[in-house]
Amino acid sequence: MRKITVFDFCSQIGAASDEIPVVVKAGMQEIGHFRSLYKIPAQAMPGVLEAKVTYVTMGREEIIIQVKLKDYNTKL
């Protein structure tokens, strides 16, 4: 199964989402806090949008998207 990025996830679900706050986390570190899934593509940094979604926890009060950030270290 192909892992999707945060941008792909928001594109598929964002327009149908309610105004539930979203927290994006990489490990224990919070890397983004948004008013809704619909707002993420317009407000998030490119690194957050390109991060691979590990899992999503949806609740009534907030949505938590756990991600693995893209590794920018390249071999020369």
Side-chain angles (χ1 to χ4, degrees):
M1 184 173 150
R2 179 177 87 83
K3 290 199 175 207
I4 63 171
T5 63
V6 172
F7 182 75
D8 294 336
F9 181 75
C10 292
S11 296
Q12 293 174 9
I13 297 177
S17 72
D18 292 331
E19 292 291 321
I20 299 173
V22 178
V23 178
V24 180
K25 292 184 174 184
M28 295 300 292
Q29 182 181 11
E30 185 177 301
I31 58 171
H33 196 88
F34 305 95
R35 286 185 27 205
S36 70
L37 286 171
Y38 187 69
K39 302 284 184 181
I40 292 176
Q43 296 176 346
M45 300 288 287
V48 173
L49 293 175
E50 295 173 356
K52 300 288 184 183
V53 175
T54 306
Y55 64 89
V56 178
T57 305
M58 295 187 156
R60 289 183 177 179
E61 300 298 320
E62 73 178 358
I63 298 170
I64 300 171
I65 302 175
Q66 189 70 38
V67 300
K68 182 174 187 217
L69 295 173
K70 185 174 181 178
D71 185 14
Y72 288 101
N73 294 332
T74 58
K75 296 179 182 178
L76 298 174

Shortest non-hydrogen contact from Lys25 toward Glu30: CG-CA, 4.2 Å

Residue list, side-chain contact (heavy atoms from CB on, under 4.5 Å) with Lys52, at least two apart or on another chain: Lys3, Thr5

Set of side-chain hydrogen bond (donor to acceptor under 3.5 Å, both in side chains) partners for Gln66, sequence neighbours left out: none

Distance (rounded to the nearest 0.5 Å) between Phe9 CZ and Ile63 CD1: 7.0 Å

Stepwise side chain to side chain contact (heavy atoms under 4.5 Å, CB included) test for Val53 and Asp8: CA-CA 9 Å; Val53 175; Asp8 294 336; over 6 Å; no

Same cluster (ILVMFWY, side-chain, under 4.5 Å), Val23 and Leu37: no

Any side-chain heavy-atom pair of Val48 and Val67 under 4.5 Å: no

Minimum heavy-atom distance between Leu69 and Ala51, given as atom pair plus value: CD2-CB, 3.9 Å

Distance, nearest 0.5 Å, that separates CD1 of Ile20 from CZ of Arg35: 13.5 Å

Value rounded to 0.5 Å, distance of CD in Glu50 from CE in Met45: 11.0 Å

Atom pair CD/NZ of Glu19 and Lys39 - distance to nearest 0.5 Å: 6.5 Å

Same cluster (ILVMFWY, side-chain, under 4.5 Å), Ile4 and Met58: yes

side-chain contact (heavy atoms from CB on, under 4.5 Å) against Leu49, all qualifying residues, sequence neighbours excluded: Phe7, Ile40, Ala44

